[in-house]
Amino acid sequence: MSRCFEDVAYELPEFGRKVIRALEGAGFEAWAVGGWVRDALLDAPSHDVDVTTSARWQDAEKILASRGYAVHRTGVAHGTITAVVEGEPVEVTTYRVEGDYTDHRHPDEVRFVDDIRLDLARRDFTVNAIAYHPRRGILDPFDGRGDLGRGLIRAVGDPRRRFEEDALRVLRAVRFACRLGFDIEPGTQRALVECADGLEDIASERIGQELDGIVRTGRMGWALMNEAEVLGEAIPELAAMDGFDQHSPYHAYDVLEHTARVCMAVEEFAGGMASPALRWAALLHDVAKPVTFTQDAAGRGHFFGHPKVGAPMCEKIMRRLALPGELVVPTRTLVRLHDHYVKPTRRSVRRTLLKFENACPGRAESLTFALLDLKRADAVSKVDRVAGYVVELDKISALLRRVIADGEAFRMTDLAVSGRDVMEATGIRPGPGVGMILRELLLCVVNGELPNDRNALLRSLRA
Ligand code: ATP
Ligand code: MG
C-alpha cells in the first residue's frame with residue numbers, strides 16, 4: 001500500500017475549529033493532533049478532536065469560558081482541560097514535554113513548552129504525532145504520513161527509550177497495529193519485546209484497558225501469533241499456553257496457536273461482529289489447559305475439567321484487569337460452557353438457554369448464539385477431522401432460532417403461572433420459597449416434563 005496524503009480527507013469539525021479560532025484569536029497557537037488527524041488521513045474521521053496549544057491551561061480555560069463554553073479541568077496537572085463545544089468534548093492540552101521517567105510509568109515532571117515540535121516529539125508513534133491546522137495544513141516532522149501509507153507502527157525517536165519511559169506504550173503499539181491492521185516496524189518490534197517486562201510496573205487497570213482495546217479490534221488472533229511475548233507479560237496465564245503441546249490426536253496446534261485460531265475463527269463465524277464477551281471467551285476458553293493437563297499410559301494428553309477450572313481463572317484474570325462485571329460474567333459463563341454438549345434437540349437447546357439465563361439474566365439468547373460460534377470456532381481450530389462438527393452446530397443454530405421464534409419457555413417470566421398463582425395454589429407465604437417453586441416448575445417445563453400450560457402447572461402444584 002502506498003498512498004500520498006496531500007491533505008486530510010475530512011474537514012475538521014466546526015467544534016474543533018471553534019476551539020482553535022478562539023485560542024488563536026487570543027494570540028496563542030493551536031492545532032488538532034493525535035487520533036483525529038491520524039484517522040482523517042486514513043479516510044476514517046474519528047470521534048473526538050484533541051487540540052494542542054501554546055496557551056497554558058489557565059489561559060485556555062479563560063479564553064474558552066469567555067466564549068460561553070463549559071470547561072472542565074480534566075487533567076490540569078498535565079495541562080489538559082476539556083471544553084464542551086456544540087455538545088462535543090474537545091480536549092485542549094498545553095504543548096509539553098515529559099521529564100525523566102524513573103518508574104516506567106509516570107514522568108517525574110511535565111514541562112510546558114512553546115514549540116509544537118517538542119510536543120509532537122514526546123508522542124508515542126509517528127502516526128499519532130501529526131498535527132493539522134485548518135489554514136496552515138499538516139505538520140508532520142516524523143513522517144507519520146509515510147508510515148500511514150506503509151502501514152507501520154513506528155515509535156517516535158529511539159524505540160527502546162520510549163518503551164522504557166512508559167511501558168504501556170508496548171501495549172498501545174499492539175492495539176494500534178491491531179486496530180489499523182498495520183505491521184510493527186522491525187526496530188520498534190525488537191524494542192517492544194525487550195521492554196515488555198516493564199509492564200510489571202504498570203497499574204493493572206491500565207493494562208486491562210489496553211487489552212480490552214486489543215480484544216475489541218477483533219484481531220487478538222493476529223496479536224497472539226505475532227506478539228505472544230508481550231501478551232504473556234500482560235497476562236502471565238497466556239505465557240503458560242505458549243508452546244504447550246497438547247499430546248492429543250484431536251489437536252494439531254499448541255494451546256496458544258489453537259487459541260489464536262479460535263480468536264480468528266469467531267470473527268469469521270460472527271461476521272467480524274463478535275461481541276466483546278465472545279472475543280474475551282475465545283482468548284481465555286482454554287486458559288486452564290496447562291494446569292489441568294494429564295497424560296495417560298499411552299502418552300495421550302487430557303485436560304479433564306478445564307472449562308470448570310478455567311471459568312474462575314478467567315474471572316480472576318479479568319477482575320485483576322479491573323474489567324466490568326457485565327463483561328466478566330458472560331465471558332466466564334461462555335468459558336465454563338464451551339465444551340458443554342448441546343444436542344440437536346429442543347430440550348437440549350432450552351436447557352442451554354436456561355443455563356445462560358441463570359448466570360446472566362436477560363442475555364440468554366445472544367449468549368447461546370455466541371456459545372455456538374465459540375464451539376464452531378473451536379471445532380475448526382483442532383484437526384481437520386473434527387471440523388465436521390460445525391455442520392451439527394449449524395443445525396443447532398437453526399433449532400435455536402425456532403425455539404426462540406416459537407416462544408418456548410426458558411425464563412421465569414415465560415412461565416404460564418406467576419408467584420401469586422403459586423401462593424394461591426399452595427398456601428405458602430411470600431418469600432424465597434415462592435421463587436424456589438417457580439424455578440422448579442421452570443426446570444420441569446424446560447426439561448419437557450410439564451407443558452407450559454397454566455392448568456397443568458396449577459394441577460402439579462396442588463398434587
Ligand atoms: P483513540 O482513537 O484510541 O483515542 P488516540 O490516538 O486519540 O486514539 P489517545 O490514547 O486518546 O489515543 O491519545 C491521544 C494522543 O496522545 C495519541 O495520539 C498520542 O499522540 C498521545 N499519547 C497518548 N498516550 C500516550 C503515551 N502513553 N505516550 C506517548 N504519547 C501518548
Ligand atoms: Mg483519543
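Note that the structure is predicted; figures quoted are calculated from it, not measured. Note that ligands are numbered from 1 as they come in the structure, with each ligand's atoms numbered from 1 the same way. Residues: numbered from 1 along the sequence shown.
- Checked against a 3.5 angstrom limit, the closest N/O atoms of Asn128 and ligand 1 fall inside it.
- Counting non-hydrogen atoms of neighbouring residues, nucleotides and ligands closer than 6.0 angstrom, the CD atom of Glu326 reaches no more than 12 such neighbours.
- Within the 4.5 Å cutoff, side-chain heavy atoms of Phe369 are placed close to those of Arg401.
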Working note: Val92 + Leu23, criterion side chain to side chain contact (heavy atoms under 4.5 Å, CB included); need CA distance, chi angles, decisive distance, verdict.
CA-CA 10 Å; Val92 179; Leu23 293 165; 4.0 Å; yes
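- Residue Phe163 does not touch ligand 1, judged by heavy-atom distances below 4.0 Å.
- Checked against a 3.5 angstrom limit, the closest N/O atoms of Asp166 and ligand 1 fall inside it.
- Each of the following atoms of ligand 1 lies closer than 4.0 Å to a heavy atom of Arg175: 3 (O).
- Heavy atoms of Asp50 found under 4.0 angstrom from ligand 1 belong exclusively to the side chain.
- Checking Arg206, Arg172, Arg179, Arg38 against atom 17 (C) of ligand 1, the nearest heavy atom belongs to Arg172.
- A salt bridge does not link Lys375 with Asp378: none of the charged nitrogens is closer than 4.0 Å to a carboxylate oxygen.
- The structure places SG of Cys314 at 12.0 Å from CG of Asp286, a figure rounded to the nearest 0.5 Å.
- One N or O on the side chain of Thr368 and one on the backbone of Ala364 form a donor-acceptor pair closer than 3.5 Å.
- Under the 30°/60° scheme for interplanar angles, the aromatic rings of Phe125 and Phe163 are found to be tilted.
- Aromatic rings from Phe293 and Phe244 are positioned such that their centres are separated by under 6.0 Å.
- Near Arg169, meaning under 4.0 Å from any of its heavy atoms, are these atoms of ligand 1: 26 (C), 27 (N), 28 (N), 29 (C).
- Counting the atoms of ligand 1 from 1 in the order shown, those under 4.0 Å from a heavy atom of Gly34 are 18 (O).
- For the ligand labelled ligand 1, residue Phe176 lies inside the 4.0 Å heavy-atom shell.
- For ligand 1, the polar-atom distance check against Asp48 finds no nitrogen or oxygen pair separated by under 3.5 Å.
- Ligand 1 lies within reach of Arg122, whose nearest heavy atom is under 4.0 Å from it.
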